[in-house]
4 protein chains.
Amino acid sequence: MTDSDANRGGPTLDKRQRLVEGARVVLHQQGVEKTTIADIAQAADVPVGNVYYYFKTKDELVQAAIDAQAQDIKTMLASFDRHRSPKARLKAFLRAITDRREVAALHGCPHGTLCSELAKREDDFERAPAILMQLFIDWAEQQFRSMGRRDARDLAVAMIASYQGIMLLTNTFRQPELIVREARRLNRWIDSLA
Amino acid sequence: MTDSDANRGGPTLDKRQRLVEGARVVLHQQGVEKTTIADIAQAADVPVGNVYYYFKTKDELVQAAIDAQAQDIKTMLASFDRHRSPKARLKAFLRAITDRREVAALHGCPHGTLCSELAKREDDFERAPAILMQLFIDWAEQQFRSMGRRDARDLAVAMIASYQGIMLLTNTFRQPELIVREARRLNRWIDSLA
Amino acid sequence: MTDSDANRGGPTLDKRQRLVEGARVVLHQQGVEKTTIADIAQAADVPVGNVYYYFKTKDELVQAAIDAQAQDIKTMLASFDRHRSPKARLKAFLRAITDRREVAALHGCPHGTLCSELAKREDDFERAPAILMQLFIDWAEQQFRSMGRRDARDLAVAMIASYQGIMLLTNTFRQPELIVREARRLNRWIDSLA
Amino acid sequence: MTDSDANRGGPTLDKRQRLVEGARVVLHQQGVEKTTIADIAQAADVPVGNVYYYFKTKDELVQAAIDAQAQDIKTMLASFDRHRSPKARLKAFLRAITDRREVAALHGCPHGTLCSELAKREDDFERAPAILMQLFIDWAEQQFRSMGRRDARDLAVAMIASYQGIMLLTNTFRQPELIVREARRLNRWIDSLA
DNA sequence: CATGAATGAGCATTCATTCAT
DNA sequence: TATGAATGAATGCTCATTCAT
């Protein structure tokens, strides 16, 4: 999905886009600290020295990758609007997650691992990826509120927590099936809600 | 040996122990990649060159920190045995988590962030912290099984996922209260189980 | 590229060449183990960190120095072709050696000491400088064969052994004259051969 | 031979002797620069900290190893006195060398590699192992002089050079047979002398 | 004498960032 | 804009030597 979205509008990406895409992939796979500018440049097929024309610092490039991920999340969540009921939308979310279980087993959640890693920093950057989680929670809260739940916020936090937690376990144990079983459970839970 | 004897029972730990403790603290606060041997040495008040007398490599020291964490987890989980019912034990677990919410907001779950970060590695070390998660899941499964649940495994995974997920959100948003509310919800959930 | 073009034919060498030359000189003078990257960088007037732009590891730089020495050897041996008879060529070789007796007394044979030192290693590198010796032996064998000697190989080995041995003694005793006398003896020996 | 001499007088060696023996073996195998005090201590089964009771510095221990080698050389050369003629003594020398060809192929000449390596140093130590070579040359000169040769000195130097050179080639190419063939040639050469 | 532990200077290597062209 | 090259401050790790007991 990442690639297909990024390529929207033509097979050729300009260098800036290629760098952001490369950053997303490599940062997800290797983590922020272990990823070098050279890694990203290579993934984007851009000369190392050229990176700094588009991004003044490594952090700025990471920020751009986070922003691009935010866009992806918005697009994905918006795509669930085609379902009429909030329950159907929530289940579509679970389905989307389940579809990515193999990648999650290998590299974890692209957003969760980013939050986890950047939260260790002591500069302003530590809060940067929080925006990604906020998107999920806000969306989920909206769904639960559409269902008439007063405790929509808590349910949203609980659901996203379950999502992030199962991603972590899936990654830790390298077992994609964990997501399948948990998604099934969450599906039943959604059904059980008034 | 002399030191450990001398320090037995006292507040002063010998250097090896101090290094492991320092490693635990600093690794939790800064992450594995960003933490230098010098950081750990300083935290343990040990000269840098001396670290290598006790640990051949940085990885070995990290492993020792993981092992120490495993011990702590075992001790904590064992302490819940004083409660007679499995439900009481699970609730005691939630209470223990809630008690640590301030640290979690600042630095995340000491085990979860470790799993998340090390899973990015490509050496054997990537699986090392899985043992920590396993301890939690096995313990939780035991509790649910004591309650007669056939789906004890799934419930255990779900509960630990919720735990890890809420730790991640708490850390991401720097909001300790998230743990309080989620713990309350999980408490009710436990009560609702047959 | 710019530099190499600019330096073409001139006394100034580009950095890579300068590094290889510096490595040759310093490795010969100090040996491989005692020579630091900083030593070579300084000899080549190149910042330490820049060395790694040209050579991924110290070993790779050493290998480049060996290769450069192989080139020198080939050039030198080829230069003896101007002599018509094999005996004259062998004597030219002895003269070339004798000409370098002062350096040999100070630092030994640049090839022999390299072989001696690297043979102690346990990685693949231990065999690397063997190629240098092989060049000498093959060339000498060719000369003896041109003289119609059936035992060309043995004679070649014997002669190169004498060469290497006298270099070692010259270096050990810091007596350049040893080479002069031995060269004289080998000259007579060559004359004595059928 | 080394061991049997060292053990003369009983199966137990005191620590100092064990250290010197360990040093000899390890220095021969690994070279001076690559050998750590810990390596030698381990080979001698002596605690690292204890080494400095017997030897103030690493150099002093290396010097002791050189001295021990000098003793060995003297003993070996003296053992050839049982042969009546100088030619027989020289041939006995060649035989002794040939007997050690396998070790030479693996680690080079224990004396030659030491000379080669230490000659690179810039302190007083650079001349230390020259004494070993001197022993050989003096002995050989004596033999040639007994044969009535006026050029005894040159012949001695030539012979020891051949010896050292073939050791180097044997080590470089890892071919023990080189020594066999060269020894044969030197044998014939000795026979050919008036 | 013995010894585990301590210490700090040094080394190969990495990498974000800058610069000259 | 583009890019290969430059730079220097880290970082993990080693090791001769010293010290306390």
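Convention: sequence-line order gives letters A, B, ...; per-chain numbering from 1.
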Winner on side-chain proximity to Thr36(B), out of dT13(E), dG12(F), dT7(F), is dG12(F)

Interatomic distance at C1', dT21(F) relative to dC1(E), whole Å: 12 Å

Does the side chain of Lys58(A) get closer than 4.0 angstrom to OP1 or OP2 of dT18(E) through an N or O atom? no

Among the candidates dA2(F), dT17(F), dA6(F), find the nucleotide nearest to the side-chain atoms of Asn50(A). dA2(F)

Short side-chain N/O contact to dA6(F) OP1/OP2 from Tyr54(C), under 4.0 Å: yes

Looking at dT18(F), which nucleotide sits across from it as a Watson-Crick or G-U wobble partner, both distances under 3.5 angstrom, or is there none? dA5(E)

How about CD1 on Ile131(B), more than 12 heavy atoms from neighbouring residues, nucleotides or ligands closer than 6.0 Å, or not? no

Nearest to the Pro47(D) side chain among dT3(F), dT3(E), dA5(E), which nucleotide is it? dT3(E)

Ranking dC13(F), dA6(F), dA12(E) by distance to the side chain of Tyr52(B), first place goes to dC13(F)

Roughly how many Å is it from OH in Tyr53(C) to P in dT17(E), rounded to a whole number? 19 Å

Per-pair distances, 0.1 Å, donor-acceptor, side chain in residues 122-129 of chain C, under 3.5 Å, sequence neighbours excluded:
| residue | atom | partner | partner atom | Å |
| --- | --- | --- | --- | --- |
| Asp123(C) | OD1 | Arg121(C) | NE | 3.4 |
| Asp123(C) | OD1 | Phe125(C) | N | 3.0 |
| Asp123(C) | OD2 | Arg121(C) | NE | 3.3 |
| Asp123(C) | OD2 | Arg121(C) | NH2 | 2.6 |
| Glu126(C) | OE1 | Arg174(D) | NH2 | 2.7 |

Does Lys15(B) make a side-chain N or O approach to OP1 or OP2 of dT7(E) shorter than 4.0 Å? yes

Taking the nucleotide of DNA chain F with the nearest heavy atom to each, does Val48(C) or Glu33(D) sit closer to the 5' end? Val48(C)

Gln42(C) CD: over 12 foreign heavy atoms closer than 6.0 Å: no

Atom CG in Leu114(D), atom CD1 in Ile66(D): separation rounded to 0.5 Å? 4.5 Å

